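Predicted model only: the values in this text are computed from it and were never measured. Letters A, B, ... mirror the listed sequences (proteins, then strands); counts begin at 1.
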Amino acid sequence: MRVAPNPNGPWHIGHARMAAVVGTYKDRYDGYFLCRFDDTDPETKRPDLDAYDEILDAIEYLGFTPNRVLKASDRLETYYAYARDLIDLGGAYTCSCPAEDFSNLKNNGESCPHREKDPETVRDEFQGMIDGLYEPGEMVLRIKTDIEHKNPALRDWVAFRLIDTPHPREEAAEYRCWPMLDFQSGIDDHLTGVTHIIRGIDLQDSAKRQQFVYDYFNWEYPEVIHWGHVQVDAFDVPMSTSTIKELIEGGELDGWDDPRAPTIASLRRRGISGEAIVEAMTELGTSTSNVDLAMSSIYATNRELIDDDADRAFFVRDGVEMDLSGGPERGQPPIHPNHEERGKRTIPVGSAVLIEAADLPPEGERVWLKGYGCVRRTDERAFEYTDDDIEVVREGDVDVIHWVPATTSVRARLRTPDGDVTGHVEPGLLGYDEDDMVQFVRIGFARLDAVPEATDPTDIGADDELIAYFAHP
RNA sequence: GCUCGGUUGGUGUAGUCCGGCCAAUCAUUUCGGCCUUUCGAGCCGAUGACCUGGGUUCAAAUCCCGGACCGAGCACCA
């Protein structure tokens, strides 16, 4: 099987589906995974030189390694050779009709005068296309199918056209005569031994078009499955390479890995594993109707994968400072409630704590600072320790909330798909590394992206802060 | 206009080829309960679907015909 990406930009989430399914089938049935870059349009779908490696990276991240990687732009001579054979078989002809004229003829089921040229002339003119004797638009090579076919989409389609814009890859920059997808892909699928093709419903007619070429050569067409488009909920940004590119260039997104972007790079930075993506994608199946992928499905899988390993930590969003008196000097919540053996965190309290505004109890009421103990709000800005037993929580009278010390916490920024959230995290996170996954208690899982160098919160520069990317609840 | 294809709970999916064991599977979501110093995990439970109208049949999600709705192609894009 193969994935045949157009390297015109890094992948968005939808692109992962093909790699996920092909990779999974490969693993399951001991198959063959070909990654072929269909980069045969240097102009309107101009390849992005960085995208080749970024796409291969994304495939690796999903957990697969292609058996073979090809670039169509390396294979022009091969396509020319097969085109010449096809001409000799009488299966193709050069055509100098203006596109609009031909379209009209075609829609009426009428052939154009060029259709009956003898192979000699066609060969010469095709060589002329390769040699650059014509301007773009002047000449194309068409496959001779059935000009009266009841489906107009299949009638004498274009196999090669001329493009003046040089290909961005140096190796291919000299070529001007480029094959169309249906020709290139049809030839390559056969030559590389592809037995099963999966592609989008937008290419529903491709197999029927290519069948004409296969018939001329007496080849057997692979099994083909067409699937619908995927839409992903939970993102404001449309899943389109060109739209995302525009938003980045316009400064509305920070880059391809901005947590607001529906891209592979974004999910990766948020600490969502390739495995979770693959699982959700394969679950979608291959139906021809369009499908909606719920991000919650990816999140649920990822949560299962990371929950056991992710240490717990406190992150207070936009804290309210409360003086605190009468209690112990530190709180000691567990590193992981299901794994006592991993020990406890130690959070110094000082003389004041930060809690989230929404957690602030009315004056006179109590609240349980998780891992510390019960406190009562005595006035506008103060708590006093009550020494109540955990029973008060069990009885349901007292809510358990998270907190951080007011003076020795670390400023932090949590980047989420809905924008950035600022606040403070407990000082112990300074000992963590980039890439570590944590669960911010009562908020959700996050991947640490940048941790200040300091070991003591008071040594952190004024501009420095901990940066984490929100994964999911 | 011509030509393809699709339609099972909020979402995805199984079942459709070869009609009966489908008062429809599984996952996720939502909502309850238990447990819990998390709105996490775990356990228990609940809500919730065969697009529509005919036909064939003892029997239709499944076969046939019509309709509605959705999507795709008719590019010198992929």
Sticking with atom P, work out how far B/A68 lies from B/U52, rounded to a whole angstrom. 15 Å

Tell me which residues in residues 132-144 of chain A put a heavy atom below 4.0 Å from RNA chain B, sorted by number, or none. A/Gly137, A/Val140

Report the residue (A/Leu293 or A/Trp368) whose heavy-atom-nearest nucleotide on RNA chain B is the more 5′ of the two. A/Leu293

May I ask you to say what A/Leu284 touches in the nucleic acid, namely base, sugar-phosphate or nothing, with a heavy-atom cut-off under 4.0 Å? sugar-phosphate

Is it the case that the side chain of A/Thr145 and the backbone of A/Asp156 share a donor-acceptor pair, with hydrogens and angles ignored and the cut-off at 3.5 Å? yes

In whole Å, what separates the C1' atom of B/A61 from that of B/U38? 43 Å

Closest approach to the side chain of A/Lys150, judged atom by atom: which nucleotide of B/U3, B/U38, B/G6 is it? B/U3

Option from A/Phe126, A/Tyr93, A/Tyr82, A/Tyr175 for which ring pair (Phe, Tyr, Trp, His ring centres under 6.0 Å) with A/Phe160 holds: A/Phe126

When you check the phosphate oxygens OP1 and OP2 of B/A75, does a side-chain N or O of A/Arg161 lie under 4.0 Å from one of them? no

Looking across every strand, which nucleic acid part, if any, lies under 4.0 Å from A/Asn338 by heavy atom: base, sugar-phosphate, or nothing? base

Considering Watson-Crick and G-U wobble pairs with both distances under 3.5 Å, what does B/C63 pair with? B/G55

Go ahead and name the base partner of B/C26; Watson-Crick or wobble counts if both distances stay under 3.5 Å, otherwise write none. B/G12

Please state the C1' separation for the pair B/C70 and B/C34 - nearest whole angstrom. 44 Å

Taking CD from A/Glu426 and P from B/U38, how many angstroms apart are they, rounded to a whole number? 15 Å

Side-chain donor or acceptor of A/His402 paired with backbone N/O of A/Phe315 under 3.5 Å: yes

Between protein and nucleotides 24-33 of chain B, what N or O pairs are separated by less than 3.5 Å?
residue, atom, partner, partner atom, Å
B/U28, O2', A/Ser296, OG, 3.4

Nucleotide forming a Watson-Crick or wobble pair with B/C17, both distances under 3.5 Å: none

Short side-chain N/O contact to B/U37 OP1/OP2 from A/Arg394, under 4.0 Å: yes

Measure centre to centre between the rings of A/Trp178 and A/His167, then say whether the value is under 6.0 Å. yes

Given the side-chain rings of A/Phe37 and A/Tyr52, with only the six-membered ring counted for Trp, is the space between their centroids under 6.0 Å? yes

With C1' as the reference atom in both, quote the distance from B/G5 to B/U11 in angstrom, rounded to an integer. 22 Å

Any A/Arg36 side-chain N or O less than 4.0 Å from OP1/OP2 of B/A78: no

Quick check for you: among B/U11, B/G40, B/A78, whose closest atom lies nearest to any side-chain atom of A/Met180? B/A78

Can you tell me if the side-chain N/O atoms of A/Lys208 get under 4.0 Å from OP1 or OP2 in B/U3? no

Polar side-chain atom of A/Asp41 near backbone of A/Glu43 as donor-acceptor pair, under 3.5 Å: yes

Pick the C1' atom in B/C58 and in B/A14, then give their distance to the nearest Å. 28 Å

I'd like to know if the side chain of A/Ser185 and the backbone of A/Asp182 have a donor-acceptor N/O pair within less than 3.5 Å. no

Looking across every strand, which nucleic acid part, if any, lies under 4.0 Å from A/Lys45 by heavy atom: base, sugar-phosphate, or nothing? base

Distances for protein N/O vs nucleotides 68-74 of chain B N/O pairs under 3.5 angstrom?
residue, atom, partner, partner atom, Å
B/A72, O2', A/Ile201, O, 2.8
B/A72, O2', A/Gln204, NE2, 3.3
B/G73, O2', A/Asp205, OD2, 2.7
B/C74, O3', A/Lys106, NZ, 2.8
B/C74, O2', A/Lys106, NZ, 3.0

For a quick check of understanding: with a heavy-atom distance under 4.0 Å over all strands, which category does A/Thr301 fall into, base, sugar-phosphate or nothing? nothing

Hey, are A/Asp215 and A/Tyr221 close enough side-chain-wise for a donor-acceptor pair under 3.5 Å? no

By the 4.0 Å heavy-atom rule, please label A/Ser185 as base, sugar-phosphate, or nothing. nothing

Rounded distance in Å - CD (A/Gln211) to C1' (B/C4): 16 Å

Pick the P atom in B/G32 and in B/G71, then give their distance to the nearest Å. 36 Å

Rounding to the closest angstrom, what is the interatomic distance between B/C74 and B/G67 at atom P? 26 Å

Would you confirm whether A/Arg270, through its side chain, and A/Ala471, through its main-chain N or O, come within 3.5 Å as a donor-acceptor pair? yes

Answer with base, sugar-phosphate or nothing: what part of the nucleic acid does A/Pro473 contact at a heavy-atom distance below 4.0 Å? nothing

Please state whether the rings of A/His472 and A/Phe445 are parallel, tilted or perpendicular, taking 30° and 60° as the class boundaries. tilted

A/Lys370 side chain vs A/Phe314 backbone, donor-acceptor pair below 3.5 Å: no

With heavy atoms under 4.0 Å as the rule, sort A/Cys97 into base, sugar-phosphate or nothing. base

Taking all heavy atoms of A/Cys95 and all of A/Cys112, pick out the closest pair and write down the distance. SG-SG, 3.8 Å

Please measure how far the C1' atom in B/C50 lies from the corresponding atom in B/G45, and state the result in whole Å. 25 Å

Tightest non-hydrogen contact, residues A/Arg330 and A/Tyr372, listed as O-CD1, 3.6 Å

Using a cut-off of strictly less than 4.0 Å, decide whether A/Ser287 has a side-chain nitrogen or oxygen near OP1 or OP2 of B/U13. yes

